[in-house]
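Everything numeric here is computed off the predicted structure, so don't read it as measured data. Heavy-atom basis, side chains included; hydrogens, waters and symmetry copies ignored.
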Amino acid sequence: SNDGGNYTSFNYFAPSSVIGKCVTSTDVVVLGRTAHTSPSSLASSTECLDWCMNTTGATGCEYVSTVGIENCYVYDTHDIDHGDGNAEHSCWIFDELASTSSSNNVTTVAAANGLGGVCTCPDGLS
């Protein structure tokens, strides 16, 4: 809910995960990431993704789970293109807007990679 009255609820769709480190279109590991300050507090890739999605300006997320190492990174760059296939990493890309539609006070925002959500807006606002 928004105190300014712009919407009453917004429910996010989960973005699609790709296997591997987040890399550019030329398979270079993407820079422009920030590590979670307490990765041991994240019990799963789902918790990592939740943290990333709640970070202002996030454009992507990466979860690393190898023997003895778990970490979570949030990205603020638009350079992420895909995952490199490394099974110890999961990559999510947030910034590929595909469509927005409105009907009966409900606005649906969808993205090519699955990120988006549904906003229920009062008085026909969207």
Side-chain angles (χ1 to χ4, degrees):
S1 145
N2 182 328
D3 292 337
N6 293 330
Y7 59 87
T8 55
S9 67
F10 193 88
N11 300 307
Y12 283 99
F13 301 139
S16 299
S17 171
V18 291
I19 296 171
K21 296 176 184 176
C22 296
V23 295
T24 66
S25 60
T26 57
D27 293 326
V28 175
V29 173
V30 176
L31 302 177
R33 68 184 191 179
T34 302
H36 191 279
T37 55
S38 180
S40 61
S41 69
L42 301 172
S44 67
S45 61
T46 302
E47 289 184 11
C48 173
L49 178 59
D50 287 345
W51 173 70
C52 290
M53 288 180 68
N54 286 298
T55 301
T56 302
T59 59
C61 187
E62 185 175 332
Y63 180 71
V64 182
S65 181
T66 61
V67 177
I69 299 172
E70 289 189 70
N71 215 333
C72 179
Y73 301 95
V74 64
Y75 289 87
D76 63 0
T77 177
H78 295 276
D79 295 335
I80 304 169
D81 184 71
H82 62 279
D84 71 357
N86 182 327
E88 296 175 334
H89 296 250
S90 294
C91 176
W92 295 269
I93 306 168
F94 296 170
D95 63 347
E96 296 177 12
L97 184 63
S99 66
T100 301
S101 62
S102 295
S103 175
N104 298 324
N105 297 344
V106 176
T107 299
T108 301
V109 180
N113 59 11
L115 182 69
V118 176
C119 173
T120 304
C121 305
D123 304 321
L125 299 174
S126 61

Over all heavy atoms of both residues, which pair between [X] and [Y] is shortest? Give the atoms and the distance, please.
X   : Y   : result
H82 : D27 : NE2-OD1, 2.7 Å
M53 : F94 : CG-CZ, 3.7 Å
C91 : I80 : SG-CG2, 3.8 Å
E62 : C22 : OE1-N, 3.2 Å
N71 : A35 : OD1-CB, 4.1 Å
L31 : Y75 : O-CD2, 3.9 Å

Disulfide (SG to SG under 2.5 Å) for C61 and C72? Distances and angles first, verdict last.
CA-CA 7 Å; C61 187; C72 179; 4.3 Å; no
Whichever hydrophobic residues join V74 through chains of side-chain contacts under 4.5 Å =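 ILVMFWY cluster around V74 also holds W51.
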Sequence neighbours excluded, the answer for side-chain hydrogen bond (donor to acceptor under 3.5 Å, both in side chains) partners of T26 is T24
- prompt: Sequence neighbours excluded, which residues qualify as side-chain hydrogen bond (donor to acceptor under 3.5 Å, both in side chains) partners of N86?
  reply: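 So N86 forms no side-chain hydrogen bond (donor to acceptor under 3.5 Å, both in side chains) with any residue.
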Note to self: Here's a test for you: under side-chain contact (heavy atoms from CB on, under 4.5 Å), which of H89, E47, E88, E70 qualifies with Y63?
What the structure shows: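 For Y63, the side-chain contact (heavy atoms from CB on, under 4.5 Å) check succeeds only for E70.
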*asked:* Looking at D84 and G20, would you say the former's side chain and the latter's main chain have a donor-acceptor pair under 3.5 Å?
replied: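 No; judged by distance alone, with no hydrogens or angles, the pair does not exist.
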Under a 3.5 Å distance rule, please check whether T59 uses its side chain to pair with a backbone N or O of T77 as donor and acceptor.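 Pair found, side chain donor or acceptor close to backbone of T77.
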One should read off an interatomic distance between C48 SG and W92 CH2, to the nearest 0.5 angstrom, of 5.5 Å
- Message: Any heavy-atom pair between the side chains of K21 and V30 that's under 4.5 Å?
- Response: no
